[in-house]
Amino acid sequence: MYRVAVIPGDGIGPEVIDGAVRVLKAVTGRVRFEYYEGGVDVFQECGSPIREEDLEEIRRSDAVLFGATTTPFDLPGYRSLILTLRKELGLYANLRIIPDLRTGREIVIVRENSEGLYFGIGAVVNGRAVDVRLITREGAERIARFAVEQAKARGSFITFVHKANVLTGDKFFRRIVREVAGEEGVEVRDAIIDSFTIKLVRNPWEHGVILSENLFGDILSDLATVHAGSIGIVPSGNYGDGIALFEPVHGSAPDIAGKGIANPIGAILSGAMLLDYLGLDGSLIRAAVRGYVVNGELTPDMGGRARTEDVVRGIIGEIEDLLSMDEVWRDEIRLSRLESDISRMAG
Ligand SMILES: NC(=O)C1=CN([C@@H]2O[C@H](COP(=O)(O)OP(=O)(O)OC[C@H]3O[C@@H](n4cnc5c(N)ncnc54)[C@H](O)[C@@H]3O)[C@@H](O)[C@H]2O)C=CC1
Ligand SMILES: CC(C)CC(=O)C(=O)O
Ligand SMILES: [Mg+2]
């Protein structure tokens with residue numbers, strides 16, 4: 001039995017995580033889910049967004065499924081729960097896969113997850129505010145290795161997105177990415193962040209594995225979700241040398257929280273990535289989501305009128321249909337999936 005720590009968070013976090021856990025339970029009985037609280041309420045109780053004893057248990061889990069939390073602008077001493085988890089669990093690589101569910105194409109973004117402005121020093125002194133952006137050789141090397149593995153697995157190349165024409169840290173980072181990729185025979189293409197945003201809008205599917213530092217990767221990946229139809233369907237994985245954490249790319253969406261209309265697909269596809277990580281194969285979930293999206297009613301962010309519950313039930317229905325098919329049909333599905341993967345890799 002695998003132990004998965006579930007941290008639903010707040011806002012729409014619990015709404016989409018409820019759907020993801022039900023979908024996971026529909027495909028496997030080999031996972032036990034253990035729930036943990038985190039966020040502002042826990043911070044007000046104990047001075048940290050996650051309790052120390054919970055963190056110890058989470059570290060002993062096989063993987064983490066995370067929803068989303070709200071980060072207030074003005075709460076002294078508070079650091080976002082997800083940033084805290086990424087730091088505490090050593091999750092230095094953030095893999096964000098933006099799917100086009102109708103064609104099977106993907107935009108793949110590798111975001112450095114442990115350094116940069118989000119983990120530098122910030123201070124306000126005598127009317128001056130400063131945020132330090134830290135990039136280390138160790139951090140750059142390990143994320144470059146991660147991106148190289150992603151590129152090799154896809155028979156692809158890396159587009160390294162930076163501002164190395166200006167920023168010292170990006171000049172340094174760029175040299176290291178080229179060194180690491182060069183050793184592995186993986187091509188690296190340069191892209192300067194400002195003009196790259198135009199390319200990401202116009203030709204989103206042509207950039208191989210997009211690699212960038214923390215803040216740029218955060219912004220680029222939200223921008224890229226437009227090509228999926230909604231940020232609500234985009235999953236991600238946070239990886240390190242130990243445990244891994246899976247979460248939808250979106251935040252707590254206070255504007256729609258509590259209305260029952262959040263799109264659960266990003267959380268559900270994050271569950272599929274979690275299964276892959278555990279070696280349990282998330283492809284049944286992905287096939288069910290693709291099947292549902294073709295004919296099923298979608299949530300308002302995708303132009304439909306469905307509620308979260310309708311989508312979750314519809315996807316579970318697709319899973320049940322797939323599971324009831326005999327082996328021959330399942331092999332057919334696997335084969336067609338393989339063919340579409342091959343044609344995608346061939347460009
Ligand atoms: N991993 C995390 O916990 C993250 C937390 N946040 C936090 O979330 C809060 C809100 O941030 P925003 O900038 O508004 O980003 P957001 O991603 O929460 O929302 C942006 C827009 O997308 C929509 N949206 C997001 N997810 C959706 C879904 N599943 N279904 C339908 N529509 C969806 C929202 O309604 C909103 O209009 C902030 O406090 C922020 O710090 C933001 C990003 C990640
Ligand atoms: C607290 C933020 C850094 C979360 C976020 O926007 C993200 O990870 O995408
Ligand atoms: Mg973000």
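For ligands, and for the atoms within them, numbers begin at 1 and follow the listed sequence.
- For the pair R189 and F157, the distance from NZ or CZ to the six-membered ring centre is under 6.0 Å and the angle to the ring normal is within 45 degrees.
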- Query: When you look at R51 and E45, which way does the side-chain contact (heavy atoms from CB on, under 4.5 Å) test go after all the steps?
  - Reply: CA-CA 9 Å; R51 294 184 189 93; E45 172 199 309; 2.9 Å; yes
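- Using a 4.0 Å threshold on non-hydrogen atoms, atom 11 (O) of ligand 1 does not count as touching the protein.
- Residue S230 places no N or O, backbone or side chain, under 3.5 Å from any N or O of ligand 1.
- Considering E187, E184, E183 in turn, E184 is the only one that fulfils the salt bridge (charged side-chain N to carboxylate O under 4.0 Å, His left out) rule with K152.
- Within the 2.8 Å limit, D222 places no N, O or S atom next to the Mg ion (ligand 3).
- Judged by the shortest distance from any of its heavy atoms, G9 lies outside the 4.0 Å radius around the atoms of ligand 1.
- At least one N or O atom of G251, backbone or side chain, sits closer than 3.5 Å to an N or O atom of ligand 1.
- With a 4.0 Å cut-off on non-hydrogen atoms, D222 does not touch ligand 1 at all.
- Ligand 1 does not have G266 within reach: every non-hydrogen atom of the residue lies 4.0 Å or more from it.
- At the shortest separation from atom 39 (O) of ligand 1 among protein heavy atoms lies T71 N, 3.0 Å.
- For atom 9 (C) of ligand 1, the closest heavy atom belonging to the protein is S252 OG, 3.3 Å.
- The side chain to side chain contact (heavy atoms under 4.5 Å, CB included) with R96 is formed by just one residue from the set L220, V108, I210, V249; it is V249.
- The structure places CG of N165 at 4.5 Å from NZ of K163, a figure rounded to the nearest 0.5 Å.
- Relative ring orientation between F246 and Y277 is described as tilted, the plane-to-plane angle lying within the 30° to 60° band.
- The distance from ligand 1 to the heavy atoms of P254 drops below 4.0 Å at these ligand atoms: 10 (C).
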Output block, N or O contacts of ligand 2, threshold 3.5 Å exclusive:
| residue | atom | partner | partner atom | Å |
| --- | --- | --- | --- | --- |
| ligand 2 | 6 (O) | D218 | OD1 | 3.3 |
| ligand 2 | 6 (O) | D218 | OD2 | 3.3 |
| ligand 2 | 8 (O) | R86 | NH1 | 2.9 |
| ligand 2 | 8 (O) | R86 | NH2 | 2.8 |
| ligand 2 | 8 (O) | R96 | NH2 | 3.3 |
| ligand 2 | 8 (O) | R111 | NH1 | 3.1 |
| ligand 2 | 9 (O) | R96 | NH1 | 3.3 |
| ligand 2 | 9 (O) | R96 | NH2 | 2.9 |
| ligand 2 | 9 (O) | R111 | NH1 | 3.2 |
| ligand 2 | 9 (O) | D218 | OD1 | 2.9 |

